[in-house]
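Owing to the predicted nature of the structure, the values given are computational and were not obtained by experimental measurement. A note on names: the letters A, B, ... follow the listed sequences, proteins ahead of strands, and every chain is numbered from 1. Values below: every heavy atom of this structure, side chains too, minus hydrogens, waters and symmetry copies.
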Amino acid sequence: MRMSRMFSKTLREAPNGADTKGYEYLLRAGYIRQMGAGIFSLLPLGFRATEKIKAIIRSEMEAIGAEEMEMPVVNPADIWKETGRYYSIDKEMSRFKDRNNRDMVLAMTHEEAVTDIARGEVDSYKRLPRLVYQMQTKWRDDPRPRAGLIRVREFTMLDSYSFDRDAAGLDKVYRDHYRAYFRIFSRCGLPSIAVGADSGMMGGKISHEYMYLSPIGEDTIIYCPECGYTANRQIAKFSKEYFPEEMKEIEKRETPESKTIEALAEYLGVDPKKTAKCVFMVGSFINDKNGEEEDKLIVAVVRGDLEVEESKLSNAARANALRPAHEEEITACGMVPGYASPIGAKGDFICIVDDSVAKSNNLVAGANEAGYHLLNTNYGRDYSGMVADIASARDGFACPVCGKPLKASKGVEIGNIFQLGTRYSEAMNCTYQDENGKQVPVVMGSYGIGVGRLLACLAEEYNDEGGLKLPVSVAPYQVHLVSLVKETEIADKIYEDLEKAGIEVLYDDRKETAGVKFADADLIGIPLRITLGNRSLKEGKVEVKIRESGETTSFLLEDIADEIKAEIMREQQEIDSRIVNKELD
RNA sequence: CGGGUAGUAGCGCAGGGGCUAGCGCACUUGGUUCGGGACCAAGGGGUCGGAGGUUCAAAUCCUCUCUGCCCGACCA
């Protein structure tokens with residue numbers, strides 16, 4: 001491609017709002033342009049880079065036997081009503097009516113669509129297993145897009161869907177994806193880890209998220225440097241201490257100005273570990289059949305030294321959504337914020353007690369009377385509720401596996417894999433006939449990678465003061481040919497020769513000064529730069545600079561295509577040597 | 001949806017009741033320069049986010065509204 005004819009141009013200054021390096025360079029180098037909040041165009045450079053990523057994805061998906069297909073972005077709402085997600089998903093899914101007043105949705109994922117198709121295609125055990133994938137546009141009306149391509153509303157996603165007879169089949173294809181995803185990310189050059197995750201709106205049991213560890217990430221990963229335990233904080237477990245002892249008589253005590261655990265613990269001179277605190281949320285429960293919504297107060301009880309993890313609480317309560325409770329909602333159930341406990345509470349609420357509280361005795365808890373707390377309260381004797389792990393894992397807490405201190409790190413979720421089971425096949429009656437003539441629901445899995453987000457992470461990982469320096473496997477071009485000579489004949493000839501040799505060349509044939517061309521080359525970050533200047537040309541040589549290392553070598557003009565090919569191969573091999581082949585334990 | 005902040009040329013910004021709305025970069029033309037964001041000269045480009053209001057006079061003051069960004073809620 002001749003830069004003199006390239007659609008995009010580079011920007012000297014970062015547009016306002018580009019506050020991470022990767023995002024800034026993607027904008028300045030002309031890979032992407034923003035059109036609205038969370039809505040971006042891929043300019044030719046960005047498009048080429050994502051096509052490289054997609055090619056890697058294709059080859060790895062084909063390697064595990066997946067077939068590529070494409071499903072519509074617009075779905076009739078009916079299939080979403082069948083699974084209930086038409087009702088359980090809130091504004092994040094955009095809905096509209098077509099000209100005949102039929103309910104339609106913009107599909108934010110394709111479990112419903114693919115299951116709808118599969119129930120027509122898969123009728124016998126002989127037609128299982130099956131595995132399909134697509135790379136297609138999703139629209140998710142995220143309430144808060146941010147950080148360029150990291151969190152957007154419209155994006156391209158690789159999504160694949162597996163269909164199996166049984167759990168064993170699902171387990172195999174899930175493992176295939178587990179391995180393939182590591183290969184995909186590592187072939188792109190992106191370091192990643194897999195963590196156990198919350199399955200969220202997808203339903204199903206087992207899921208893993210792939211994380212690119214970076215301070216720009218929004219997820220918190222809890223991991224154990226000692227034994228390798230990793231999980232998203234939303235579900236991360238940790239080893240809790242319990243304090244069982246003989247139950248003592250409950251005792252009411254005046255505790256003025258002790259609305260917080262710290263104040264209370266100080267006033268009474270007790271360890272926060274000997275207190276129980278209440279967190280009030282309101283859960284929204286949705287009837288999958290008719291979409292009717294019901295709100296219910298949830299009282300979460302954790303020990304004073306711990307925090308409630310809302311995802312865990314939401315899962316334990318089987319709530320569709322949680323929000324903090326209003327004061328009236330709390331008092332309506334007979335509890336007094338600041339001095340609350342489930343003891344003596346009345347009315348319709350759900351009480352969920354962390355096992356840290358359930359397995360400890362004689363804790364201080366609210367008396368439901370302003371200014372008073374109760375000493376020696378005990379779960380089971382004084383109040384009841386469902387026991388679950390609802391506490392949030394923090395940096396320094398003990399590893400649930402080996403007991404060593406856990407660490408926390410920020411990460412960007414770049415992919416995830418879910419064992420769906422029969423959640424969708426049962427709801428949509430996607431069954432097959434087994435050897436005995438019995439109709440059995442198909443066992444499904446779904447798997448996704450955000451393609452644009454992957455590019456954004458690569459831009460974060462690979463940059464320096466000058467701009468981007470993407471790995472050769474994903475860079476939009478392999479070579480940047482910078483001509484500094486006035487006579488275009490030699491440069492044109494080299495450009496044509498390189499193209500003929502099958503090399504992807506970005507040819508800077510513009511009438512710009514050397515400084516501008518070099519600065520743009522650094523910004524765009526093509527792995528290799530050929531410099532054509534009078535100086536070396538006199539000796540029949542050209543210079544080749546490696547963007548990553550800054551290392552420069554010169555080659556004879558007639559060898560250039562071969563040398564470049566060899567260097568591209570070296571860089572590609574370097575990436576291939578870092579391919580991660582990891583099996584799910 | 002709450003809190004904050006900002007919308008003035010393609011990008012980055014200044015100007016805060018008054019006369020022709022500026023600056024840097026980018027762009028056009030001519031000339032010089034020519035291996036790390038050159039120089040000189042002459043130019044082009046603006047519904048000052050939008051609507052309404054106050055005023056002799058509004059980019060500037062007031063009201064409403066739209067949009068972006070950041071924090072939170074939220075989120076596969």
Inset, instruction - Establish, with yes or no, whether the OP1 or OP2 oxygen of B:G68 is under 4.0 angstrom from a side-chain nitrogen or oxygen of A:N16. - result: no
Legend entry - Spacing of A:E24 atom CD relative to B:C69 atom C1', expressed in whole Å: 15 Å
Legend entry - Closest to the A:R529 side chain, choosing from B:C70, B:C75, B:G36: B:G36
Inset, instruction - Would you please indicate yes or no on a ring centroid separation below 6.0 angstrom for A:F182 and A:Y178? - result: yes
Legend entry - A:F185 ring center near A:Y210 ring center (under 6.0 Å): yes
Legend entry - Base of B:G37 paired with side chain of A:R510 (donor-acceptor, under 3.5 Å): no
Inset, instruction - Taking atom C1' in both B:G53 and B:C13, compute the distance separating them and give it to the nearest angstrom. - result: 30 Å
Inset, instruction - Using the C1' atom as the reference point in each nucleotide, state the distance between B:G22 and B:C48 in Å, no decimals. - result: 12 Å
Legend entry - A:F47, CZ: over 12 other non-hydrogen atoms inside 6.0 angstrom: no
Inset, instruction - Quote, to the nearest angstrom, the C1' distance that separates B:G50 from B:A41. - result: 40 Å
Inset, instruction - For each nucleotide in nucleotides 25-30 of chain B, reading 5' to 3', give B when a protein heavy atom comes within less than 4.0 Å of its base, S when such contact involves only the sugar-phosphate, and - otherwise. - result: SS----
Legend entry - 5' priority, RNA chain B, between A:G38 and A:T10 [closest heavy atom]: A:T10
Inset, instruction - Salt-bridge test for A:D389 and A:K312: reply yes if a basic N is under 4.0 Å from a carboxylate O, no otherwise. - result: yes
Inset, instruction - Side chain of A:D19 only, please: which of B:G37, B:C69, B:C34 is the nearest? - result: B:C69
Legend entry - OP1 or OP2 of B:C71 under 4.0 Å from side-chain N/O of A:R144: yes
Legend entry - Euclidean distance, A:L523 CG relative to A:K469 NZ, rounded to 0.5 Å: 13.5 Å
Legend entry - Check: A:H208 ring centroid to A:Y174 ring centroid under 6.0 Å: yes
Legend entry - Spacing of the C1' atoms in B:A26 and B:U65 (rounded, Å): 33 Å
Legend entry - Considering all heavy atoms, the nearest A:R95-A:M93 contact: NE-O, 3.3 Å
Legend entry - Nearest-Å distance once atom P is located in both B:C70 and B:G12: 14 Å
Inset, instruction - Name the nucleic acid region contacted by A:G448, choosing base, sugar-phosphate or nothing; use a 4.0 angstrom heavy-atom cut-off, strictly under. - result: nothing
Legend entry - Separation of B:C75 P from A:R233 CZ (nearest whole Å): 16 Å
Inset, instruction - Tell me whether the OP1 or OP2 atom of B:A38 has a side-chain N or O from A:T513 closer than 4.0 Å. - result: yes
Inset, instruction - Using a heavy-atom cut-off of under 4.0 Å over every strand shown, decide if A:D90 touches base, sugar-phosphate, or nothing. - result: nothing
Inset, instruction - Give one of base, sugar-phosphate or nothing for A:A514, where a contact means two heavy atoms less than 4.0 Å apart. - result: sugar-phosphate
Legend entry - Who pairs with B:U5 - Watson-Crick or G-U, where each distance is under 3.5 Å: B:G68
Legend entry - Pairwise P distance for B:C25 and B:A42, with rounding to whole Å: 15 Å
Legend entry - Check ion pair A:R28-A:E13 (N to O, under 4.0 angstrom): no
Legend entry - Distance under 6.0 Å and angle within 45° of ring axis: A:K81 vs A:Y86: yes
Legend entry - Pair partner, B:G24 [Watson-Crick or wobble, under 3.5 Å]: B:C11
Legend entry - Distance between P atoms of B:G43 and B:G36 (Å, rounded): 32 Å
Legend entry - Minimum-distance nucleotide (side-chain atoms of A:A519 versus B:G37, B:G35, B:C69): B:G37
Inset, instruction - Identify whether any heavy atom of A:P15 sits under 4.0 Å from a base atom; if not, whether one sits that close to sugar-phosphate; answer base, sugar-phosphate or nothing. - result: sugar-phosphate
Inset, instruction - Scan every strand shown for a Watson-Crick or G-U wobble partner of B:G17, both distances under 3.5 Å, and answer none if you come up empty. - result: none
Inset, instruction - Check if the side chain of A:R28 and the base of B:G12 share a donor-acceptor pair of N or O atoms closer than 3.5 Å. - result: no
Inset, instruction - Please report, rounded to the nearest Å, how far the P atom of B:C75 is from the CG atom of A:N416. - result: 15 Å
Legend entry - Between P of B:C69 and CD1 of A:I150, the distance in whole Å: 14 Å
Legend entry - Check: A:N416/A:E209 side-chain N/O donor and acceptor closer than 3.5 Å: no
Legend entry - P gap between B:A9 and B:C23, integer Å: 14 Å
Legend entry - Among B:C75, B:C74, B:G35, the one nearest A:E92 by side-chain distance: B:C75
Legend entry - Heavy-atom donor-acceptor pair, A:K545 side-chain to B:G36 base, under 3.5 Å: yes
Inset, instruction - Give A:T552 one of three labels, base, sugar-phosphate or nothing, depending on what nucleic acid heavy atoms sit under 4.0 Å from its own. - result: nothing
Inset, instruction - Looking at every strand, decide which applies to A:A521 at a 4.0 Å heavy-atom threshold: base, sugar-phosphate, or nothing. - result: nothing
Legend entry - base_contact_polar (B:G68 base, A:Q34 side chain, donor-acceptor, <3.5 Å): no
Inset, instruction - Could you check how far CZ of A:R146 sits from C1' of B:C71, rounded to whole Å? - result: 10 Å
Legend entry - Strand partner of B:U33, provided both Watson-Crick or wobble distances fall under 3.5 Å: none
Legend entry - A:R151, nearest nucleotide to its side chain (from B:G37, B:A73, B:G35): B:A73
Legend entry - Complementary nucleotide for B:G46 - Watson-Crick or wobble, under 3.5 Å: none
Legend entry - side-chain N/O A:R33 vs B:G10 OP1/OP2, d < 4.0 Å: no
Inset, instruction - Provide, to the nearest angstrom, the distance between the CZ atom belonging to A:R153 and the P atom belonging to B:C69. - result: 9 Å
Legend entry - Base paired to B:U54 (Watson-Crick or G-U; both N/O distances under 3.5 angstrom): none
Inset, instruction - Quickly work out the A:K511 NZ to B:C34 P distance and round it to whole Å. - result: 17 Å
Inset, instruction - Kindly indicate whether a cation-pi arrangement holds for A:R85 with A:Y424, taking the cut-offs as under 6.0 Å to the six-membered ring centre and within 45° of the axis. - result: no
Legend entry - Interatomic distance where CD belongs to A:E154 and C1' belongs to B:C75 [whole Å]: 18 Å
